[in-house]
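Let me begin by presenting the structure, written as structure tokens, before commenting on it.
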Amino acid sequence: MTARLPRPAARLLLLDPDYRLLMFRFAADDRPPFWATAGGGCDPGESYEAAARRELMEETGFDLDPGPQVARREVEFITLEGDAVFADERYFLIRTATTEIATHGHTDLERRVMAGWRWFTRAELADWPETIFPEDIVALLDSLLQGAS
């Protein structure tokens with residue numbers, strides 16, 4: 001059995017003024033389409049916080065302080081590049097006043113596999129017909145927001 005590669009990653013729980021969560025739709029040739037939060041792997045030597053800020057800028061165009069880590073998840077999966085990884089994902093809750101994102105900072109891979117984006121209500125997240133990662137996103141948001149919306 002091949003060992004999984006470690007993959008430290010910063011994931012972004014980006015909420016608009018109506019508490020909707022930004023999600024990206026991924027469409028790759030080797031799996032059904034799925035939705036995931038913004039964010040991605042840390043560059044070598046990069047802190048989770050720095051990766052969160054960089055990923056936020058690259059994927060949305062927003063230059064915002066990601067604040068402190070609010071959740072952590074360890075999960076195994078196959079990346080879109082085909083690597084088996086053990087991911088140590090750190091989550092950051094970020095609020096934005098605008099819903100207009102800029103995708104000009106997307107990497108070549110993101111341009112190839114990110115098929116769209118949208119702002120989801122928690123009700124939509126709970127009942128969406130395609131897979132959403134993390135699968136318990138509604139419970140995670142509920143625990144973080146504790147009735148704030």
Side-chain angles (χ1 to χ4, degrees), residues 1-16 19-96 98-122 124-144:
M1 173 180 264
T2 304
R4 290 183 174 269
L5 300 170
R7 184 176 189 266
R11 306 302 316 174
L12 311 175
L13 302 171
L14 184 63
L15 297 176
D16 75 359
Y19 292 87
R20 296 179 305 167
L21 178 69
L22 180 67
M23 300 287 285
F24 286 94
R25 185 174 189 264
F26 291 81
D29 294 336
D30 66 339
R31 63 194 81 187
F34 64 92
W35 293 82
T37 62
C42 298
D43 288 339
E46 185 178 41
S47 71
Y48 289 96
E49 293 78 12
R53 187 173 203 121
R54 176 183 51 76
E55 288 286 342
L56 181 65
M57 178 60 88
E58 288 176 3
E59 293 185 1
T60 69
F62 296 152
D63 185 13
L64 301 171
D65 180 358
Q69 171 187 320
V70 296
R72 181 180 182 187
R73 176 184 317 274
E74 295 178 332
V75 63
E76 295 179 356
F77 61 90
I78 306 295
T79 67
L80 292 167
E81 298 96 334
D83 297 323
V85 299
F86 177 78
D88 181 357
E89 299 181 335
R90 311 293 174 95
Y91 285 79
F92 297 84
L93 182 63
I94 305 166
R95 300 297 311 268
T96 180
T98 181
T99 58
E100 293 301 317
I101 72 167
T103 60
H104 62 273
H106 284 190
T107 65
D108 289 340
L109 175 66
E110 290 166 342
R111 284 187 200 97
R112 209 168 50 250
V113 298
M114 286 175 136
W117 57 271
R118 76 184 302 266
W119 296 91
F120 282 85
T121 66
R122 291 196 332 256
E124 289 171 328
L125 290 168
D127 195 34
W128 199 252
E130 293 176 308
T131 301
I132 290 179
F133 293 112
E135 294 167 338
D136 64 345
I137 189 71
V138 173
L140 177 59
L141 287 173
D142 286 347
S143 71
L144 293 172

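Keep in mind that what you see is a predicted model, and the values were worked out from it rather than measured.
- Contact detail for E55 and G41: the closest heavy-atom pair is OE2-O, 3.8 Å.
- Summarising the geometry of L80 relative to A28, their closest heavy-atom pair is CD2-CB, 3.7 Å, with the distance given to 0.1 Å.
- Within the 4.5 Å cutoff, no side-chain heavy atoms of R11 are placed close to those of L13.
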Assess whether salt bridge (Lys or Arg N to Asp or Glu O under 4.0 Å) is satisfied between D83 and R4, documenting all intermediate values. CA-CA 8 Å; D83 297 323; R4 290 183 174 269; over 6 Å; no
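- In this structure, M114 and T103 have side chains that are not in contact, with every pair of non-hydrogen atoms separated by 4.5 Å or more.
- Considering only heavy atoms from C-beta on, F92 stays 4.5 Å or farther from R53 through its side chain.
- Taking 4.5 Å as the limit, every side-chain heavy atom of E59 sits out of range of all side-chain heavy atoms of I101.
- Nearest approach of A36 to F26, heavy atoms of both residues: CB-CE1, 3.8 Å.
- Summarising the geometry of A38 relative to F24, their closest heavy-atom pair is CB-CE1, 3.7 Å, with the distance given to 0.1 Å.
- If you take CG on L141 and CG on L21, they are separated by 5.5 Å, rounding to the nearest 0.5 Å.
- In this structure, R95 contributes its side chain and D16 its backbone to a donor-acceptor pair below 3.5 Å.
- Here the shortest heavy-atom pairing between A51 and C42 reads CB-SG, 3.6 Å.
- A distance-only check finds no donor-acceptor pair linking the side chain of E74 to the backbone of F86 [under 3.5 Å].
- Rounding to the nearest 0.5 angstrom, the gap separating the CG atom in L22 from the OG1 atom in T96 is 9.5 Å.
- The number of heavy atoms from other shown groups lying within 6.0 Å of CG (D29) does not exceed 12.
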Steps toward side chain to side chain contact (heavy atoms under 4.5 Å, CB included) verdict (L12, T60): CA-CA 11 Å; L12 311 175; T60 69; 5.9 Å; no
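- A distance-only check finds a donor-acceptor pair linking the side chain of S143 to the backbone of L140 [under 3.5 Å].
- Side chains of E81 and T79: a donor on one and an acceptor on the other come within 3.5 Å.
- Remark: P134 pairs with T37, R73, Y91, D136, I137 by the side-chain contact (heavy atoms from CB on, under 4.5 Å) rule, at least two apart or across chains.
- Shown are F133, F120, W119; of these, the ring pair (Phe, Tyr, Trp, His ring centres under 6.0 Å) with W35 is made only by F120.
- With hydrogens and angles disregarded, a donor-acceptor distance shorter than 3.5 Å links the side chain of T121 to the backbone of E124.
- Here E58 pairs with R54 under the salt bridge (Lys or Arg N to Asp or Glu O under 4.0 Å) rule; sequence neighbours left out.
- Taking 4.5 Å as the limit, some side-chain heavy atom of D88 sits within range of a side-chain heavy atom of Y48.
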